[in-house]
Protein chains: 2
Amino acid sequence: MPRPAKHHPERGDARARLLEAARDVIRAKGFAATSVDDLCKAAGVTKGAFFHHFETKEALGVAAAAYWAETTSAFFENAPYRKLEDPLDRLFGYVEFRKAIIDGDPAEFTCLVGTMTQEVYGSHPAIRDACAASIFGHAATLEPDIAAAMAARGIEADWTPASLARHTQAVLQGAFILAKATGDRADALDSVDHLKRYLTLLFSTPRSKGNPHDGC
Amino acid sequence: MPRPAKHHPERGDARARLLEAARDVIRAKGFAATSVDDLCKAAGVTKGAFFHHFETKEALGVAAAAYWAETTSAFFENAPYRKLEDPLDRLFGYVEFRKAIIDGDPAEFTCLVGTMTQEVYGSHPAIRDACAASIFGHAATLEPDIAAAMAARGIEADWTPASLARHTQAVLQGAFILAKATGDRADALDSVDHLKRYLTLLFSTPRSKGNPHDGC
DNA sequence: ACAAACATACCAACCGTTCGGTATGTTTCA
DNA sequence: TGAAACATACCGAACGGTTGGTATGTTTGT
């Protein structure tokens with residue numbers, strides 16, 4: 001019987017395939033409910049490969065969050081709206097882009113790190129921290145455009161670019177929860193529309209007072 | 001040896017104690033990472049009691065979501081802001097009340113059903129549905145006040161009371177994610193402040209578009 | 001007496017992890 | 001040049017602890 005002379009072209013990418021499997025499976029089933037076997041099966045690798053690349057399951061969770069941060073970062077950097085000249089246009093372009101990628105099953109468009117953050121809060125602090133870095137790191141990329149848009153319009157606000165940037169993430173994360181609850185992406189889109197309306201109101205008011213509702 | 005003949009006041013409340021334990025532990029560790037033993041230990045009952053009251057662990061998850069819906073419903077119904085006469089005052093009173101109860105550790109003020117929704121999306125549809133009922137049921141309680149406030153101010157909007165009510169829940173859920181990510185409740189409060197500002201802008205804008213003015 | 005409300009003991013399946021081993025490059029140095 | 005030495009990538013059976021769940025006994029209120 002002749003030697004198969006097997007050359008494995010997929011050799012060397014077990015780690016990447018596991019991270020992609022983690023991204024997809026964990027978004028649907030959650031971190032704890034996803035077993036190592038589940039991940040290996042989804043990635044088409046063996047347990048040996050898994051524990052060659054990741055010391056523990058928790059380490060994979062941390063790596064998956066970091067992988068999510070990397071890939072999404074590149075994804076948004078190369079998005080077409082980034083080429084717009086006006087900072088405010090870029091901000092609204094971002095929101096529109098977020099709306100555009102809300103498509104298919106909720107498990108496909110929702111946020112891995114948002115999902116993991118809540119469930120691992122008390123059980124895997126290391127994963128939670130990696131998720132926090134991803135969320136707030138992404139939020140920070142919005143700050144320059146918000147700040148520039150404020151300056152261009154002479155807006156004096158009682159809110160900061162950072163707080164508004166984080167608020168956009170809060171709305172998106174909350175929108176994902178609603179969409180997962182019903183399985184209907186429309187529930188997410190509705191909320192993002194409210195976010196868009198909020199931004200419109202904020203940046204169409206010359207001197208944004210934003211006062212709390214104190215007894216009209 | 002004489003029989004203790006003691007009246008056990010805690011007897012008969014194993015179910016309630018398990019549901020309260022579930023509420024507290026699951027918010028910190030997630031549903032899947034919380035074992036039946038964890039719950040029994042936290043509730044001070046045995047496994048026999050657990051499976052006497054709940055057929056499966058999943059059934060407890062469903063019951064916990066229902067229990068959450070019941071208790072929170074009663075909690076908000078009896079809140080002081082509910083006694084305000086003006087619908088818009090009640091709406092802002094709700095937001096202020098939500099801010100007020102954001103205190104202590106994130107595991108104590110975040111939402112059980114919001115946490116569970118994401119992680120059980122693909123693994124326990126029954127729990128997810130119970131969570132959805134809780135979230136959207138609570139959102140629905142805001143609709144009458146929003147509708148009344150719109151009518152009182154003659155607001156013609158391209159959004160519905162239902163969509164705004166759901167948006168408030170999205171913001172709150174997203175705010176909880178941010179707070180759990182950092183462990184800092186201030187991150188949640190900031191986002192709720194943006195929600196408050198959005199509501200202020202919405203209800204201070206008369207029907208004429210494009211020329212919003214502040215205040216009453 | 002009887003059923004509901006527990007408690008105790010136990011089990012089989014599953015889980016994350018370990019580990020001895022193979023296959024395929026890569027570096028070293030005579 | 002080439003082959004020994006080393007490094008990396010991967011395999012998969014097996015292990016011990018944990019898990020959700022069960023079977024059965026005991027207490028309690030009516």
Side-chain angles (χ1 to χ4, degrees), chain A residues 1-22 25-26 29-64 67 116 119-120 122-127, chain B residues 1-22 25-26 29-64 67 116 119-120 122-127:
Chain A
M1 190 168 162
R3 191 79 153 281
K6 47 180 177 179
H7 178 58
H8 291 193
E10 66 273 8
R11 186 183 169 88
D13 61 349
R15 184 188 150 90
R17 295 176 67 178
L18 280 167
L19 290 174
E20 285 165 17
V25 181
I26 293 176
K29 298 178 46 172
F31 176 77
T34 300
S35 71
V36 174
D37 276 328
D38 286 339
L39 292 169
C40 292
K41 211 167 288 180
V45 304
T46 62
K47 270 191 175 182
F50 184 100
F51 285 100
H52 171 74
H53 290 287
F54 306 104
E55 268 200 17
T56 62
K57 188 192 170 189
E58 185 181 55
L60 168 115
V62 174
Y67 181 72
M116 284 201 295
E119 81 159 299
V120 305
S123 40
H124 297 285
I127 298 178
Chain B
M1 190 168 167
R3 190 76 67 48
K6 187 181 168 187
H7 178 62
H8 290 204
E10 65 273 7
R11 187 182 172 86
D13 62 348
R15 183 187 151 90
R17 294 177 68 180
L18 279 166
L19 290 174
E20 284 165 18
V25 181
I26 292 176
K29 299 178 44 173
F31 176 78
T34 300
S35 70
V36 174
D37 278 328
D38 286 339
L39 292 169
C40 292
K41 212 168 288 180
V45 303
T46 62
K47 260 190 175 181
F50 183 99
F51 285 101
H52 173 73
H53 289 286
F54 306 103
E55 270 200 14
T56 63
K57 188 194 171 189
E58 185 181 54
L60 168 115
V62 173
Y67 181 73
M116 283 201 295
E119 81 160 300
V120 305
S123 40
H124 297 283
I127 298 178

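Keep in mind that what you see is a predicted model, and the values were worked out from it rather than measured. Below, chains carry the letters A, B, ... as their sequence lines are ordered, and counting in each starts from 1.
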Inter-residue atom distance [X].[atom1] - [Y].[atom2], 0.5 Å rounding:
X: A/Arg17; Y: A/Cys40; atom1: CZ; atom2: SG; result: 11.0 Å
X: B/Lys47; Y: B/Leu39; atom1: NZ; atom2: CG; result: 11.0 Å
X: A/Ile127; Y: A/Glu119; atom1: CD1; atom2: CD; result: 8.0 Å
X: A/His53; Y: A/Leu19; atom1: NE2; atom2: CG; result: 9.5 Å
X: A/Leu60; Y: A/Phe50; atom1: CG; atom2: CZ; result: 4.5 Å
X: A/Glu20; Y: A/Leu18; atom1: CD; atom2: CG; result: 9.5 Å

A/Ala14 side-chain proximity, nearest of C/dC6, D/dG20, D/dC10
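Comparing C/dC6, D/dG20, D/dC10 against the side chain of A/Ala14, the answer is D/dC10.
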
Nucleotide of D/dC10, D/dG21, C/dT17 approaching A/Thr56 most closely (side-chain heavy atoms)
C/dT17

Would one find a side-chain N or O of B/His52 under 4.0 angstrom from OP1 or OP2 of C/dC6?
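No, B/His52 has no side-chain N/O under 4.0 Å of OP1/OP2 on C/dC6.
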
Under 4.0 angstrom between B/His53 side-chain N/O and C/dC6 OP1 or OP2
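So the side chain of B/His53 is within the cut-off, an N or O lying under 4.0 Å from OP1 or OP2 of C/dC6.
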
With sequence neighbours left out, write down each residue that passes salt bridge (charged side-chain N to carboxylate O under 4.0 Å, His left out) with B/Lys57, or none if nothing qualifies.
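Scan of B/Lys57 (salt bridge (charged side-chain N to carboxylate O under 4.0 Å, His left out), adjacent residues dropped) gives none.
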
Check nucleotides 10-13 of chain C against the protein and report each pair of N or O atoms closer than 3.5 Å, with its distance, or say if there are none.
none

Yes or no on side-chain contact (heavy atoms from CB on, under 4.5 Å) for B/Val62 and B/Phe54, after CA distance, side-chain angles and deciding distance?
CA-CA 10 Å; B/Val62 173; B/Phe54 306 103; over 6 Å; no

Enumerate the residues from residues 33-41 of chain A whose closest heavy atom to DNA chain C is under 4.0 Å, giving them by residue number; use none for an empty result.
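Here the set is A/Thr34, A/Ser35, A/Val36.
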
